[in-house]
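Numbered from 1 within each chain, the chains take letters A, B, ... in sequence-line order. It should be emphasised that the depicted structure is a prediction, and the values quoted were computed from it without experimental measurement.
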Number of protein chains: 2
Amino acid sequence: MLPNLKEEKLDPRVKRTRNLILKSFEDLLAERNFESISVQDVTGKAQINRATFYSHFEDKYDLLNQWISQMFTQEIDKRMRDVCHYTHENLRNLILAVCEFLAGLHSDCAQPHQQFESLVETQIKNQIFDLLTHWLEETKASLPTEIPATVATWAIYGLASQYSHAKKRPVLHEFVNEALPLVAVNLEQFAQPA
Amino acid sequence: MLPNLKEEKLDPRVKRTRNLILKSFEDLLAERNFESISVQDVTGKAQINRATFYSHFEDKYDLLNQWISQMFTQEIDKRMRDVCHYTHENLRNLILAVCEFLAGLHSDCAQPHQQFESLVETQIKNQIFDLLTHWLEETKASLPTEIPATVATWAIYGLASQYSHAKKRPVLHEFVNEALPLVAVNLEQFAQPA
DNA sequence: TATTTTAGACGACATCTGTTGTTTAGAATA
DNA sequence: TATTCTAAACAACAGATGTCGTCTAAAATA
C-alpha cells in the first residue's frame, strides 16, 4: 500500500489509478449502500485490476476514510480559507459546514449504514479537533485547550449527526442558532478581545 | 437470527449456546484484537457449530454490540440503581462510570482497533442518551431535552474516550473534576430544586 | 534513444463469510 | 411416556477478501 505522497512527485499512473478508484467509489455510493459495495464492484467500474486496489488502499474501509477526508477537507478549505482564531461567528460557520456536509452525505449516499457512519465520524471529528485546537491556541491567554476542544468537537459532531438524521429536518439556521450557545459556552474564554 | 427474547421463556439450549459464544468471545478479546478474531475462532473455542452462530448473531459485529451492551448495562445498573433525575453528583458518577468502563476495556482487551471502538461508542452513547433523557424529563420544568441531552452525551463519551486513550493517564478524579463543569454547564437548568 | 525502475494486469491460492437443506438431539407438550 | 416442536450439528456451496509471483507496459533516468 502506497503512502500518501505529495502530488508534485507522483507518478501519473498512480494519480490516474487513484482517481479512477475514488470516482467509481463515489458513483457507487450514490446508488447503493456502503456495505453492499465490494472491492470487485469498485475496481470493475474503474476498469482496474482488483489486486491493484490493494497497492493504493488497505481495504474498502481505508478507501472510505480517504474519500471522506478528501471531501471534507475541500469543504472546510472552501469555507474557512483564512480563518485562524476562534470567534463566535467562526464557530457558527463551522457548525453550519458540518451540518450541511452530513446532510449532503445523507442525500447523496443511499441508505447510510452504521459502519459507514462510524468511519465518517472518525474522519470528520479528527479534522474538527485539529481545526479547533489551532483556533484556540491562537489566543493570547495560553489556556489549556485539550478538554474544551474535545468537548466542543464531540458536541459539534453530535449535533450535526442529529440534524442529518432528523426525520423532519428543522430549518438549518434555526437549528444552529439553538445549538450554538451550548457549544460556545465553553469556548468564550478563548475569544479574541475586540 | 433469533430476537432478544425475555429470559423467562428462553429455551435452555438457546441460553447455553449464547452464553458459550459470549464467554468465548470475551476470552478471545483479552488475547487478541477484535479484527483478528474470526467467527470460526469464537465458535471453535465455544465448541459450537459455526452455522449455529448465525442463528444468534447477525455477524461478528452484532456479537460485539450485544456483548458491550450487556457489559455496560450491568455496570450502569450496579452504580445507578435508584437514580432517576439529574443532579450534579449523578452526572459526576455517570462520567466516572463511563471513564472507568472505557479504561477497563482498554486494559482488558488487547489493542483496540478503530471499528471495535466505533461499535463500542455507538452502544454506549445510546445508553447514555437514554439515561440522560430520562433524567432530564423528570424535571418539573418541561424544558426541551433533545439538544442538551445530545450535547452532553457526546461530550461525556468524548471525554471518557480521551481519558481512556491518554498515554500518561491522569488521576481519574482530577480529570473528572476538570471535565465536569464543561458538561454540567448546559444541564443545570434541569436540576431539581433542593 | 536505450536502459532501468515502477505500476498494473493476470492467474492462482488459502481463508473466511453467510447460507442452505438434511439429520440428529434436546426441550416442551399432550 | 410418546409425540411434537425447536435448536444445533453437519456438509457443502458461492462469493468475497487479501496475497503472491510472474509478465507486461508506462514512466523516469542515463
Check your understanding: How bent is the helix from C:dT1-D:dA30 to C:dA30-D:dT1, comparing axes over its five end pairs at each side, to the nearest 10°?
Key -> 30°
Whole angstroms only, please: what is the [atom1]-[atom2] distance between [X] and [N]?
{"X": "A:K15", "N": "C:dT6", "atom1": "NZ", "atom2": "C1'", "result": "16 Å"}
{"X": "B:N19", "N": "D:dA7", "atom1": "CG", "atom2": "P", "result": "16 Å"}
{"X": "A:L63", "N": "D:dG18", "atom1": "CG", "atom2": "P", "result": "12 Å"}
{"X": "B:L10", "N": "D:dT6", "atom1": "CG", "atom2": "P", "result": "14 Å"}
{"X": "A:F57", "N": "D:dT17", "atom1": "CZ", "atom2": "C1'", "result": "17 Å"}
{"X": "A:Q47", "N": "C:dC10", "atom1": "CD", "atom2": "C1'", "result": "16 Å"}

Would you say [X] reaches [N]'s phosphate, i.e. side-chain N/O to OP1/OP2 under 4.0 Å?
{"X": "B:H56", "N": "D:dA8", "result": "yes"}
{"X": "A:T52", "N": "C:dA9", "result": "yes"}
{"X": "A:S55", "N": "C:dA7", "result": "no"}

Check your understanding: Does the ring of A:F34 carry A:K60 above it, NZ/CZ under 6.0 angstrom from centre and within 45° of its axis?
Key -> yes
Exercise for review: Show your reasoning for whether salt bridge (charged side-chain N to carboxylate O under 4.0 Å, His left out) applies to B:E100 and B:R79.
Suggested key: CA-CA 12 Å; B:E100 282 178 345; B:R79 296 173 180 246; 2.3 Å; yes
Practice item. Supply the members, apart from A:V185, of the Ile/Leu/Val/Met/Phe/Trp/Tyr cluster built from side-chain contacts under 4.5 Å; use none for a lone residue. Key: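 The other cluster members (ILVMFWY side chains, heavy atoms under 4.5 Å, direct or chained) are B:V185.
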Exercise for review: Please determine, by modelled atom types, if B:H173 and B:E178 share a side-chain donor-acceptor pair under 3.5 angstrom.
Suggested key: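 There is no such pair between these side chains.
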Check your understanding: Can we say A:K23 and A:D27 salt-bridge, meaning some charged N sits less than 4.0 Å from an Asp/Glu carboxylate O?
Key ->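 Looking at A:K23 and A:D27, the cut-off is met.
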**Study point:** Pairs touching residues 120-131 of chain B that satisfy salt bridge (charged side-chain N to carboxylate O under 4.0 Å, His left out), sequence neighbours left out
**Key:**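 Listed once each, the pairs are A:E121-B:K125, A:K125-B:E121, B:E121-B:K125.
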Revision key, fill the gap. Quick tally for nucleotides 14-27 of chain C: nucleotides whose base has a protein heavy atom under 4.0 Å get B, sugar-phosphate-only ones S, the rest -, giving --SBBBB----BBS
Check your understanding: In chain order, what residues pass the side chain to side chain contact (heavy atoms under 4.5 Å, CB included) check against A:L20, with sequence neighbours excluded?
Key -> A:R16, A:A46, A:I48
**Study point:** Listed partners of B:D41 passing side chain to side chain contact (heavy atoms under 4.5 Å, CB included), at least two apart
**Key:** B:L28, B:R32, B:I37, B:S38
Exercise for review: Would you check if the distance from the ring center of A:Y157 to the ring center of B:W154 is below 6.0 Å?
Suggested key: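 Yes, they do, as the ring centres are separated by less than 6.0 Å.
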